[in-house]
Amino acid sequence: MLRVRFAPSPTGYLHIGSARTFIFNWLYARHNGGTMILRIDDTDVERNTQASLDSIFDGLNWLDLGWDEFYRQSERLDLHRKLAQAIFDKGSAYRDFTPAQADTEDKSREEGRTWLFNPGMRELSKEESDRRAGAGEPFVLRFRVPRGEDRTVKFKDLVYGEQSKEADDIEDFALLRSNGMPTYHMASCADDADLKISHIIRGQDHLTNTFKHVLIFAALGGEVPEFAHLPLLIAPDGAKLSKRKHGPVVSVTTYRDAGFLPHTYINFLCLLGWSPKDDRELMTRQELIDVFSFAGVNRSNAVVNFTEEDPIDPKALWLNGQHIMGLSVEELSKQLQPWVRAAGFDVEPARLLQIAPLIRERIKTLRDVATVADFLFAKQLPPYPAEELIPQKGDAVMALKVLQRARQVLEPVEFRHDSLDAALRAEAATLGVKAGQMFQPIRVAVCGRKNAPPLFETLEVLGREACLERIDQAIQKLQ
RNA sequence: GGCGCUAUCGUCUAACGGUUAGGACAGAGCCCUCUCAAGGCUUAAAUACGAGUUCGAUUCUCGUUAGCGCUACCA
């Protein structure tokens, strides 16, 4: 049975890299009919925050992918301690009574080699170790990494291939802290073992940690899971994405709040560090599930292309436009509804249904509805300069004449695309002006700006009454 | 410092020894056109560097350089 897990720690908001890890886990599970597990790795009590937990659920719920099982690490501390004890009992761990020190880093650097263990502690006799522990002296429980045996720790990564490292290069990492809390390595492996995780899919920053985890799994005596590490998502400056340095750009909610379709975000993230190998980019959820495999995962880090001015990757924006164009009118207007309301407009669903096809090819984000279709929602047009009404190679006199004639034509004509088209073109011919010179003053009068959806559709949606009223206002403006 | 990983257009990527090194986004230009879009076409743009293996290296090996990760009683 295939079982995968996404295990975020609630110490900051859900960021883009974590979201992608979640997505790849999910895709792999769905592709193989496996189980997707969400586990909150919250053993670092000091750094956990409710806000960040909320942010994780916020982000994941928006993605709308779901999960099959849910666990919270902090509720499984007994298991972690029990398994740590088991490792200790079989001699693969020992107590280290060395007081915590902040300067270990400098110490190891000076020596020119990695710190491996604290002298004396590894060899402490059972009696002395028990005596000091019994006396209440604090200690950390460390894994006893095999030394001097010329031993190599190995595993096969589904993305990075065969990995090996000399055991002599691995330090005696901690399993239990002096306050009795498990470390990440201990808690994570204990849970993975207990939850029968078959594939651990996570960021490449854990690649070297995996040697330690392999050691723990082996000491636990169960099966060692498969591993697949994912290349990291990095900033344009090559640095790792961090909220401190790059701000909210890295948060999933940035895309959500910018008006992205959740599926666009999923699609976009999949393209970062993975490829279907056949030049496809625009893909549905099912297509992604069908074709996802680790063979398509890259090994080098991928840059999320954002700038300080614009937090959105241009390719994501394009993808979103494409996905919006692929939506049915019904679905699009449903998605648009909350954004229209958020922009301060009130619109009937039936009317939005008429508007949606007008703007479908003109919006890149759902939020764009507010700037692209505002004149269709507003009762009153916001003020605009009268010069805008003057057509190309024309003047105010022409604009005025066009609008007055348009008014007359629009009064009786049927308000349908084809009738409007025929009537206005005929009028342009009568007036001796080009079609464009006829249409622009009307467009500006009706939309309040030069750039807008095609004229006849717009007039039709707006309706005779509103159009005539706005043309009258424009005529007044010119006089 | 030690250990590990990585290296193709500005960005995301394809090419798993033989291609004029392909696609996409972004850029430029043209077409279409009632404006804006959408769409179509064209264009510019890359194998980090140096050795080796080979008839032939983007591809395999080694070195250099660069970037990233781990090196905590964080995760």
Side-chain angles (χ1 to χ4, degrees), chain A residues 7-9 11-12 41-44 46-47 96 98-102 104-105 108-116 138-142 157 160 163-166 168-171 173-185 187-188 203-212 229 231-232 234 236 238-240 268 271-282 295 298-306 313-319 321 325 359-364 372 391-392 421 424-425 428 434-440 442-444 447 449-456:
Chain A
S9 58
T11 54
D41 277 9
D42 53 355
T43 51
D44 189 358
E46 252 121 76
R47 297 201 303 153
D96 181 347
T98 313
Q101 47 186 124
T104 49
E105 217 176 310
S108 62
R109 294 277 148 81
E110 277 169 28
E111 291 163 14
R113 44 193 295 259
T114 319
W115 168 90
L116 290 176
F139 62 86
V140 320
L141 194 71
R142 288 190 186 283
D157 190 273
Y160 287 88
Q163 302 292 316
S164 71
K165 185 167 182 166
E166 298 305 314
D168 285 335
D169 284 330
I170 302 172
E171 77 279 6
F173 52 94
L175 261 22
L176 252 28
R177 306 178 227 193
S178 53
N179 63 5
M181 288 293 280
T183 62
Y184 160 74
H185 301 302
S188 178
Q204 193 242 45
D205 47 346
H206 285 296
L207 191 62
T208 44
N209 284 334
T210 305
F211 295 107
K212 296 171 189 168
H229 288 87
L232 264 20
I234 57 174
K240 161 172 140 174
F268 170 65
L271 262 17
L272 255 27
W274 172 82
S275 158
K277 309 261 190 197
D278 60 4
D279 288 344
R280 262 188 303 172
E281 302 208 287
L282 201 64
N298 277 8
R299 282 170 293 272
S300 50
N301 294 345
V303 173
V304 183
N305 207 0
F306 62 83
D313 190 309
K315 192 152 193 170
L317 202 59
W318 170 79
L319 261 182
M325 280 190 269
I359 62 171
R360 184 160 49 174
E361 290 170 358
R362 275 162 262 269
I363 54 175
K364 289 267 190 282
V372 172
Q392 283 275 306
D421 189 331
L424 288 172
R425 275 185 204 279
K434 289 191 171 150
Q437 292 176 313
M438 181 83 197
F439 300 156
Q440 188 188 313
I442 304 174
R443 184 192 336 277
V444 173
C447 306
R449 69 173 94 103
K450 284 178 177 165
N451 296 344
L455 187 57
F456 310 123

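Note on naming: letters A, B, ... go to the chains in the order of the sequence lines (proteins, then strands), and numbering restarts at 1 for each one.
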Under 4.0 Å, heavy atoms only, any strand: does Thr98(A) hit a base, just the sugar-phosphate, or nothing?
base
Assigned partner base of G39(B), Watson-Crick or wobble definition, under 3.5 Å:
C31(B)
Starting at NZ of Lys434(A), measure out to CZ of Arg425(A) and round the result to the nearest 0.5 Å.
13.5 Å
For Phe456(A) and C34(B), give me the distance from atom CZ to atom P, rounded to whole Å.
9 Å
Nucleotide G69(B), atom P - distance to CD1 of Ile234(A) in whole Å:
9 Å
Contact class for His185(A) (heavy atom, under 4.0 Å): base, sugar-phosphate, or nothing?
base
Describe the nucleic acid contact of Ser188(A) in one word from base, sugar-phosphate, nothing, applying a heavy-atom distance below 4.0 Å.
nothing
Check against side-chain contact (heavy atoms from CB on, under 4.5 Å), His185(A) and Asn209(A):
CA-CA 8 Å; His185(A) 301 302; Asn209(A) 284 334; 3.6 Å; yes
Both Asp42(A) and Asp278(A) contact RNA chain B. Which one's nearest nucleotide lies toward the 5' end?
Asp278(A)
Lys212(A) side chain N/O closer than 4.0 Å to the phosphate oxygens (OP1, OP2) of C70(B)?
no
Nucleic acid contacts - residues 176-184 of chain A versus RNA chain B, non-hydrogen atoms under 4.0 Å
Arg177(A), Ser178(A), Thr183(A), Tyr184(A)
Leu207(A), nearest nucleotide to its side chain (from C5(B), C25(B), A37(B)):
C5(B)
Mind checking Pro454(A) for me? I need base, sugar-phosphate or nothing, with any heavy atom below 4.0 Å counting as a touch.
base
Which part of the nucleic acid does Pro391(A) contact within heavy-atom distance under 4.0 Å: base, sugar-phosphate only, or nothing?
nothing
Measure the distance from CZ on Arg280(A) to C1' on G22(B) and round it to the nearest whole Å.
17 Å
Interatomic distance, Asp157(A) CG vs G69(B) C1' [rounded to whole Å]:
14 Å
Touch class at under 4.0 angstrom, heavy-atom based, for Pro453(A) against every strand present
base
Asp157(A) and side-chain hydrogen bond (donor to acceptor under 3.5 Å, both in side chains): which partner among Gln204(A), Gln163(A), His229(A)?
His229(A)
Interatomic distance at C1', C49(B) relative to A44(B), whole Å
25 Å
Determine the Euclidean distance between corresponding P atoms of A37(B) and A28(B); express it in Å to zero decimal places.
12 Å
Interatomic distance, Arg47(A) atom CZ to Asp42(A) atom CG [nearest 0.5 angstrom]
12.5 Å
Which value, in whole Å, describes the distance between the C1' atoms of nucleotides G27(B) and G10(B)?
10 Å
Gln392(A) CD - U35(B) C1' separation (whole Å)
10 Å
Side chain of Thr208(A) (C-beta onward), nearest among A37(B), A24(B), G69(B):
G69(B)
Evaluate the side-chain proximity of Leu175(A) to Phe173(A): yes if any heavy-atom separation is below 4.5 Å, no if none is.
yes
Expressed as a whole number of Å, how far does the C1' atom of C12(B) sit from that of A45(B)?
15 Å
Between Thr183(A) and Arg177(A) the two heavy atoms that sit nearest each other are CG2-CG, 4.0 Å
Looking at Lys212(A) and Glu171(A), is any side-chain nitrogen of the basic one under 4.0 Å from a carboxylate oxygen of the acidic one?
yes
Closest approach of Pro231(A) to Ser300(A) (non-hydrogen atoms, all atoms of both residues)
CB-O, 3.2 Å
Nucleotide nearest Lys240(A) (side chain, heavy atoms from C-beta), chosen from G69(B), A26(B), C34(B):
G69(B)
Under 4.0 angstrom, heavy atoms only, what part of the nucleic acid is Met438(A) near: base, sugar-phosphate, or nothing?
nothing
Phe268(A) side, atom CZ; Leu282(A) side, atom CG - distance, nearest 0.5 Å
14.0 Å
Quiz item: Asn451(A) side-chain donor-acceptor pair to A37(B) base, under 3.5 Å:
no
Round to a whole Å and report the spacing from CH2 of Trp318(A) to C1' of U13(B).
13 Å
Rounding to the closest angstrom, what is the interatomic distance between C62(B) and C5(B) at atom P?
11 Å
So, does Arg142(A) get its side chain near the phosphate of C73(B), meaning an N or O under 4.0 Å from OP1 or OP2?
yes
Name the pairing partner of U20(B), where a pair is Watson-Crick or G-U wobble with both distances under 3.5 Å, or state none.
none
Nucleotide-resolved protein contact map, nucleotides 6-12 of chain B, B/S/- at heavy-atom distance under 4.0 Å:
SS---SB
Tell me: CG of Asp279(A) to C1' of U13(B), nearest whole Å?
9 Å
What integer number of Å spans the P atoms of U42(B) and A24(B)?
10 Å
Beyond-backbone contact of Phe439(A) with Phe456(A), side-chain heavy atoms, under 4.5 angstrom
yes
Send over the distance from Phe211(A) CZ to G69(B) C1', rounded to a whole Å.
12 Å
Please determine whether a side-chain nitrogen or oxygen atom of Lys450(A) lies at a distance below 4.0 Å from atom OP1 or OP2 of C36(B).
no
Got a donor-acceptor contact below 3.5 angstrom from the Gln437(A) side chain to the Gln392(A) backbone?
yes
Which value, in whole Å, describes the distance between the C1' atoms of nucleotides A21(B) and U59(B)?
12 Å
U6(B) -> Watson-Crick or G-U wobble partner, both distances under 3.5 Å, gives A66(B)
Of all the choices, C70(B), A75(B), C36(B), which nucleotide is nearest to the side chain of Arg362(A) once you look at every atom?
C36(B)
Any side-chain donor-acceptor pair under 3.5 Å between Asp96(A) and Thr98(A)?
yes
Using a cut-off of 4.0 Å on non-hydrogen atoms, how would the nucleic acid contact of Phe173(A) be classed: base, sugar-phosphate, or nothing?
nothing
Under 4.0 Å: is that the gap between some side-chain N or O of Arg425(A) and OP1 or OP2 of C34(B)?
yes
Pair partner, G52(B) [Watson-Crick or wobble, under 3.5 Å]:
C60(B)
How far, in whole Å, is G40(B) from U54(B) if one measures between their P atoms?
48 Å
For a quick check of understanding: with a heavy-atom distance under 4.0 Å over all strands, which category does Asn209(A) fall into, base, sugar-phosphate or nothing?
base
Please answer whether the main-chain N or O of Asn305(A) pairs with a side-chain N or O of Asp313(A) as donor and acceptor at a distance below 3.5 Å.
yes
